[in-house]
Amino acid sequence: MRLPDRKETEVRGLLESVPLAPVPPDLALRALLRGLRIARRRRTAALLLWLVFTFALAFAVWAAVAQPWAAEPVQTTTPTGW
């Protein structure tokens, strides 16, 4: 067992001399509602990020297959007999 430290004794004395602050009776309910709201926002953000990722992947697959940047082959012949 160790002997009490002078600084620790002073701090304990200060903490015990200060009266406890009153806690609002609805503090637990407010904390619960805030936590639920934060969790819902995080879940919504994660869902939106997954949707953006899915659409980006679908666009990349479509672009790789369709190659919209490639020029269409020419279907008409050049006019002759001018």
Side-chain angles (χ1 to χ4, degrees):
M1 182 171 183
R2 65 185 182 110
L3 296 175
D5 188 19
R6 179 185 60 85
K7 290 181 183 178
E8 182 180 344
T9 307
E10 288 178 8
V11 170
R12 285 187 186 275
L14 283 173
L15 289 175
E16 290 172 357
S17 68
V18 177
L20 296 176
V23 177
D26 65 336
L27 182 64
L29 178 63
R30 290 189 321 202
L32 173 71
L33 293 176
R34 183 168 187 242
L36 291 174
R37 190 168 45 246
I38 290 171
R40 186 172 51 246
R41 285 181 183 164
R42 286 183 181 170
R43 192 171 41 247
T44 303
L47 177 66
L48 288 175
L49 283 175
W50 275 109
L51 285 174
V52 167
F53 174 73
T54 304
F55 285 129
L57 182 64
F59 176 77
V61 169
W62 169 80
V65 171
Q67 296 181 352
W69 58 87
E72 293 283 329
V74 178
Q75 299 294 330
T76 61
T77 58
T78 56
T80 57
W82 284 78

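Numbers here simply count residues along the sequence, with the first being 1.
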Residue set satisfying side chain to side chain contact (heavy atoms under 4.5 Å, CB included) with Ala56, at least two apart, ordered chain then number -> none

Which heavy atom of Ala63 sits nearest to which heavy atom of Pro68, and what is that distance? O-CD, 3.7 Å

What donor-acceptor contacts under 3.5 angstrom involve side-chain atoms of residues 17-38, with partners at least two apart or in another chain?
residue, atom, partner, partner atom, Å
Ser17, OG, Gly13, O, 3.3
Ser17, OG, Leu14, O, 2.9

Pairs meeting criterion salt bridge (Lys or Arg N to Asp or Glu O under 4.0 Å) with involvement of residues 3-18, two or more places apart: Arg2-Glu8, Arg6-Glu10, Glu8-Arg12

Rest of the hydrophobic cluster containing Leu15 (Ile/Leu/Val/Met/Phe/Trp/Tyr, side-chain heavy atoms under 4.5 Å)? Val11

Side-chain donor-acceptor distances from residues 47-55 under 3.5 Å, at least two apart:
residue, atom, partner, partner atom, Å
Thr54, OG1, Trp50, O, 2.7

